[in-house]
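Computed from a prediction, not measured in an experiment: that's the story for all the values here. We count residues from 1, following the sequence as given.
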Amino acid sequence: MEYGLRKVSSHCSISEMDDYDLSKLLEKPRINIERKRSFDERSLSELSIGLVRGLDNYEPAYWPGGRSGLNSPASSARNSFEPHPMVADAWEALRRSLVFYRGQPVGTIAAYDHASEEILNYDQVFVRDFVPSALAFLMNGEPDIVKNFLLRTLQLQGWEKKIDRFKLGEGAMPASFKVLHDPVRKTDTLVADFGESAIGRVAPVDSGFWWIILLRAYTKSTGDLTLAETPECQKGMRLILTLCLSEGFDTFPTLLCADGCSMIDRRMGVYGYPIEIQALFFMALRCALALMKHDAEGKEFVERIVKRLHALSYHMRSYFWLDFQQLNDIYRYKTEEYSHTAVNKFNVMPDSIPEWVFEFMPTRGGFFVGNVSPARMDFRWFALGNCIAILSSLATPEQAAAIMDLIEERWEELVGEMPLKICYPAIENHEWRIVTGCDPKNTRWSYHNGGSWPVLLWLLTAACIKTGRPQIARRAIDLAESRLLKDGWPEYYDGKIGRYVGKQARKYQTWSIAGYLVAKMLLEDPSHLGMIALEEDKQMKPVIKRSSSWTC
């Protein structure tokens with residue numbers, strides 16, 4: 001099969017499927033929405049607001065011919081956008097990164113950098129790295145690659161996973177896998193890494209969550225319910241959920257994690273309850289709720305998911321949220337409070353508030369902090385966690401708007417010259433030595449320590465469209481287009497405003513390429529947002545006693 005750009009139009013989902021019983025859709029006819037005005041006559045802002053607010057009355061809805069594609073009939077006929085010259089280069093680079101197993105494409109390698117002397121594991125297919133590639137292929141009408149990836153990783157989940165004689169949980173998904181070709185025997189073999197080869201030997205917590213999120217994206221994009229409803233996929237979801245819904249000694253609904261278990265896969269002081277994992281956990285639970293069959297086995301999980309979602313949403317919206325008013329409240333906290341009436345429930349010491357927060361926090365805006373646990377509040381801003389909070393509706397509409405306000409107010413710090421800071425601010429000096437273990441790759445304003453990652457562009461763009469702020473995404477994409485191609489699609493950028501190509505950044509980093517393509521296609525056709533965004537569940541909305549943002 002030739003995997004060139006598709007030039008045929010196909011259906012694209014734009015409104016939310018029933019997020020509680022996906023099997024109901026089998027009994028309902030597919031509804032097409034008649035477009036009253038052309039795309040050219042409607043502003044992006046109007047369209048994006050309509051997607052998240054104005055289509056609630058429709059059941060499963062599909063957009064006729066709404067695919068994005070370079071010079072395809074669908075995009076050229078309806079959209080006034082001229083394709084940027086680097087779009088074609090990006091597609092060519094993305095296809096060059098494809099990995100084949102027994103003649104079928106099953107993923108994309110992490111980076112295609114011939115100049116690098118050390119390959120390490122950049123020639124492998126990472127679960128988290130493949131997500132933007134998968135979304136690009138789905139948006140371009142090429143779902144088979146994504147289906148193959150989902151099935152192969154599901155196959156790997158079933159392997160026995162042992163590290164130094166210790167067995168991992170049955171539901172753990174691999175961080176990455178590699179295809180070994182034997183030209184003599186003409187055989188292909190899959191080799192997976194569950195953390196036993198990773199730097200720091202940490203198993204990925206996020207892989208299982210991304211897998212569920214991607215399964216929903218595939219289902220939403222294609223309208224094909226059969227894959228998610230197979231016994232294998234249903235079992236795969238149940239195994240993942242068994243791991244993270246298990247009851248233990250924890251008194252919080254959040255998920256306890258080690259350093260290095262997510263996109264920040266090295267020691268960076270995010271152990272405990274990192275915002276990235278909690279937001280992905282929340283989103284994966286909501287996606288699983290939509291995909292889980294209500295049979296004898298699934299019904300029990302549905303009940304457990306619903307209970308956890310209610311507790312998790314209340315906990316995150318109440319205790320992880322920070323705005324000007326809340327910062328002032330923490331600044332005035334009393335300590336050593338005992339009993340259920342305590343205001344300072346985690347015994348956070350006001351003296352532990354870092355000085356930078358007071359200058360950074362605008363009077364308008366807010367964000368979810370990096371971590372909350374006993375006597376500890378990590379006030380750093382993390383991009384992925386806050387964007388996923390918006391897309392999953394973990395953030396209330398008011399909180400989502402406040403996050404976007406913050407990005408606009410602190411554009412130089414969080415975006416600068418290359419979108420987007422993975423976290424802010426960088427840790428340095430003695431704190432850097434203690435927190436990172438003197439990691440020479442995570443020096444200040446580099447890599448995970450305040451570096452700028454182009455892959456985050458797709459998450460920012462999706463969050464912008466969901467909140468009706470496409471102009472922010474356009475501004476960020478313009479910045480990326482001024483540098484990415486001529487710099488060779490780097491993995492990350494260094495410096496306070498992301499001015500320099502990362503000191504150890506790989507070139508032709510696949511998720512930098514795919515992230516750009518997804519951002520472009522989302523802005524060109526916001527109906528794609530339905531794949532990766534969830535609407536707010538009104539039943540889950542708790543009473544927030546604290547200020548959500550200055551504007552509330």
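Looking only at side-chain heavy atoms (C-beta outward), Leu94 and Ser133 come within less than 4.5 Å of each other. Tyr516 places none of its side-chain heavy atoms less than 4.5 Å from the side chain of Thr461.
By the 4.0 Å N-to-carboxylate-O rule, Glu142 lies close enough to Arg95 to be salt-bridged with it. In this structure, Arg364 pairs ionically with Glu409, as a charged nitrogen and a carboxylate oxygen lie closer than 4.0 Å. Salt-bridge check for Arg506 with Glu491: failed, with every basic side-chain N at 4.0 Å or more from each acidic carboxylate O. Ion pair Lys520/Glu481 flagged as a salt bridge, since at least one NZ, NE, NH1 or NH2 atom sits closer than 4.0 Å to an Asp/Glu carboxylate oxygen. With respect to Lys486 and Asp89, no salt bridge is recorded, no charged nitrogen being found less than 4.0 Å from a carboxylate O.
The side-chain tip of Arg410 does not point at the ring of Trp381 from less than 6.0 angstrom away and within 45° of straight on. For Arg96 and Tyr508, the positive end sits near the middle of the six-membered ring, less than 6.0 Å away and at most 45° from its axis.
Smallest separation of non-hydrogen atoms from Asp129 and Gln509: OD2-NE2, 4.0 Å. The two residues Ala279 and Gly385 make their nearest non-hydrogen contact at CB-O, 3.5 Å. Scanning all heavy atoms of the two residues, the minimum distance from Cys464 to Ala473 falls at SG-N, 3.6 Å.
The aromatic rings of Phe137 and Trp91 lie tilted to each other, with the angle between the two planes from 30° to 60°. Ring geometry for Trp445 against Tyr424 counts as tilted: the plane angle lies between 30° and 60°, on a 0 to 90° scale.
Donor-acceptor pairing under 3.5 Å is recorded for the side chains of Lys503 and Thr443.
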